[in-house]
**Q** 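Let me begin by handing over the structure; questions about it come next.
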Amino acid sequence: MESSILESIGVEIIGVMSPVSICMLLVVLIVYSLSPATDSAPPIRSAANLVYLEVPTDSTIQKLEGALLNALVFVIIIAVVTFLLVLLYYYNWTGFLKNYMRFSAFFVLGSMGGSIFLSIIQHFSVPVDSITCFVLLFNFTIVGVLSIFSSGIPIFLRQSYMVALGIFVAAWFTKLPEWTTWTLLVTLAIYDLVAVLAPAGPLKLLVELSQSRDEELPALIYEARPTVLADSRHQGRSLELLFGAASQLGSVEMQPVSGNHIGTREGGEQNVHPEVIVSESTNPGNLEGLLQEGDEVERSPLVGGDLGGRSSSSSVGSEYSVVVGSRDAPEIVADEERSPLVESRRRGSGNERAERGMDDDGSESELASSGIKLGLGDFIFYSVLVGRAAMYDLMTVYACYLAIISGLGCTLILLSVCRQALPALPISIALGVVFYFLTRLLMEPFVVGTTTNLLMF
Amino acid sequence: MTVAAGIGYALLALGPSLALFVTVISKKPFLILTVLSSTLLWLVSLIVLSGFWRPFLPLNSAASWPFAVLIITSVAFQEGLRLLFWKVYKRLEDMLDAFADRVSKPRLYPTDKMLIALAGGLGHGAAHAVFFCLSVLTPAFGPATFFADQCPKLPFFLVSSIIALAFATIHTFSMVIAFNGYSDGNKLDQLFVPVVHLVAGMVTLINFTTGGCSIGIPILYIITILTLLHCGKMVWGKLTENQIRL
């Protein structure tokens, strides 16, 4: 009996959904285990809090206005950073961008990862001395920096470090106050939509630049393992063919992509454009030690690969500020990394042309090397949403998880149909926010009411 | 009652589903997607139901007839949604078959179809277990436990997990029965599933009376075993008839 199609359909989607799920799960665990410790800490001022520091005693209108202002300022900062990124990339400062990204990854893994590890050690009373801890942390950070940007590292390690970066940044973001977090997420989703689809959007410009130069964008991207199937000719095209078949059922003509798909796997890992470059832009900030990181997250198209894949990169602007002053001083500046999901949405339907780009007729690129690429900012903001839902209840966590995963699935399907760069945040964040509030307001009284009476259906 | 107890209760409700997931479903990515979309569908159904019932809550727990109405409406809505799920699945099946023709692979086998139905049912069972059992399980991770009036001999969490296990099993395998019934046009199977669902829901009403769960839960498990047997018989029949044809 020949193997059925059920064996192979949907592999690429799962290859992206699993790391997203793992990232969300770990962030939820971190939030659950560490949350009581942070309640007593004074609110830290970060880039997302510049305008308004939320205090629980403020009225609703005040909180709403303050949160909106915060979100607006944040998005403006991110937009500026992205434009700066476009400028730097335009003038071919790619080396500078790469090195800055390396430094910022080092900093994130070391400082944010370090603080999370320290909290875990404190909370669970893990018996480890400070010298060992420091050495381990240092090793962890260095290997992380190496694995992200060099080509000789196994892809699994690179993927793990990407997920780890996402977890640390997301866990940091969950420390923001509630109203600010929700308005920030919604505003970022809208910004994402505009930045990728509008003609003058920075992400669109970035992608077009990289396409015209036929090289990859320097960005932080999670790259799913390229799928190796027995019948490699059809891999990667499966979703496209599936929806091509579907549309033909509906009597819509959709030309199947014809291409020479060479299923070469050897060296595929090397050629896969894993170069995620974090572009960081320095903050013209006046606070000491304020660094800004822009991480570009790149998304590559899901299937097809016949059309040149354009990758959109999202610039993530992260600001680090060194803590100055005493703990109770209001001008405490906390390190915060923002990773706006800029452009990670861009998902072209084709492969990264850059990674291959070797075909004579440039319109076809080998599909073999591409798995799906997802921008790191997407990971971060999905996890922030789920982490914030975790602070309320387990039911909201599950509902938001399902909403985000289904939004991601929808976006991937849309990608294979539309074949152009698409933003990944809007659908998922919109569904996530809607489901969170519906679950919290509607479902909880209903279900808890029936369950506590041992009534189920 | 500590993390161990909490995890124990969670595994009690979800253990077989997890085992099924790891052994059968996780091997095929498409089935994972089916589980996720099925869970989403039932979550949406719960949200719609709660939206509908919100003005009437909180119900007076002294009288049991409002709860009966609640259960009847909820089960009716969910069974209607199951029919919708079936229609969507039919369209998907056509798409998959067309795709299989394109890549010149064989069309969906009957076992494939039953696997997809199983994945759909597992999504339903998992949604039920998570929303009705796991979500109230959070206090169980703490240092104490809780006894409810309706079932004074067992901790509340334990009873809740046991009922959730029964329902998860019923949902998982009813979907297989239902899909087979719809595809074969077998009226008995088509009616079996809603009736079982309704009866199981009504049986939990017995839990209202003090000490009622010692009657209600065994009846629930009898229904579960009945569902399992019926599903097994049906699947066996389908497999053997195919063998003969081959």
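Letters go in sequence order (proteins before strands), and every chain restarts at 1.
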**Q** Quick one: does any side-chain atom of B:His197 pair with a main-chain N or O of A:Phe457 as donor and acceptor, under 3.5 Å?
**A** yes
**Q** Could you look at B:Ile206 and say if it's the side chain, the backbone, both or neither that has a heavy atom under 4.5 Å from chain A?
**A** neither
**Q** Only pairs of heavy atoms separated by less than 4.5 Å count here; which of A:Met17, A:Glu444, A:Met395 has the most with chain B?
**A** A:Met395
**Q** Tell me, side chain or backbone of A:Thr450 under 4.5 Å from chain B's heavy atoms, or both, or neither?
**A** side chain
**Q** Only pairs of heavy atoms separated by less than 4.5 Å count here; which of A:Ser406, A:Pro445, A:Gly409 has the most with chain B?
**A** A:Pro445
**Q** Do you know which of B:Val130, B:Ile71, B:Val159 has the most heavy-atom pairs under 4.5 Å to chain A?
**A** B:Val130
**Q** Top residue by heavy-atom pair count (under 4.5 Å) with chain B, among A:Phe446, A:Tyr401, A:Phe435?
**A** A:Phe446
**Q** Could you look at B:Phe131 and say if it's the side chain, the backbone, both or neither that has a heavy atom under 4.5 Å from chain A?
**A** both
**Q** Quick one: does A:Ser428's side chain have a donor or acceptor within less than 3.5 Å of a partner on A:Ile404's backbone?
**A** yes
**Q** Go through the atoms of B:Leu108 and report whether side chain, backbone, both or neither lie under 4.5 Å from a heavy atom of chain A.
**A** side chain
**Q** Using a 4.5 angstrom heavy-atom cutoff, name the option from B:Thr138, B:Val136, B:Ile163 with the most pairs to chain A.
**A** B:Ile163
**Q** Looking at B:Arg107, is its backbone amide N or carbonyl O close enough to the side chain of B:Asp97 to form a donor-acceptor pair, meaning the two atoms are under 3.5 Å apart?
**A** no
**Q** Under 4.5 Å from any heavy atom of chain B, what part of A:Leu402 do you find: side chain, backbone, both or neither?
**A** both
**Q** What part of A:Ile405 lies closer than 4.5 angstrom to a heavy atom of chain B: side chain, backbone, both or neither?
**A** side chain
**Q** Can any side-chain N or O of B:Ser161 pair as donor or acceptor with the backbone N or O of B:Leu12 at less than 3.5 Å?
**A** no
**Q** Would you mind reporting whether A:Leu425 and A:Tyr382 have side-chain heavy atoms less than 4.5 Å apart?
**A** yes
**Q** Once you measure the plane-to-plane angle for B:Phe156 and B:Phe146, does it fall in the parallel (<30°), tilted (30-60°) or perpendicular (>60°) bin?
**A** perpendicular
**Q** On the 0 to 90° scale, with breaks at 30° and 60°, tag the B:His171-B:His124 ring pair as parallel, tilted or perpendicular.
**A** parallel
**Q** What residue in B:Leu134, B:Leu43, B:Asn207 has the most heavy-atom pairs under 4.5 Å with chain A?
**A** B:Leu43
**Q** In terms of heavy-atom proximity below 4.5 Å to chain A, should B:Thr39 be classed as side chain, backbone, both, or neither?
**A** both
**Q** Keeping B:Thr169 on the side-chain end and B:Leu165 on the backbone end, is there a donor-acceptor pair under 3.5 Å?
**A** yes
**Q** Check whether the side chains of B:Ser74 and B:Trp53 place a donor and an acceptor atom closer than 3.5 Å, and report yes or no.
**A** no
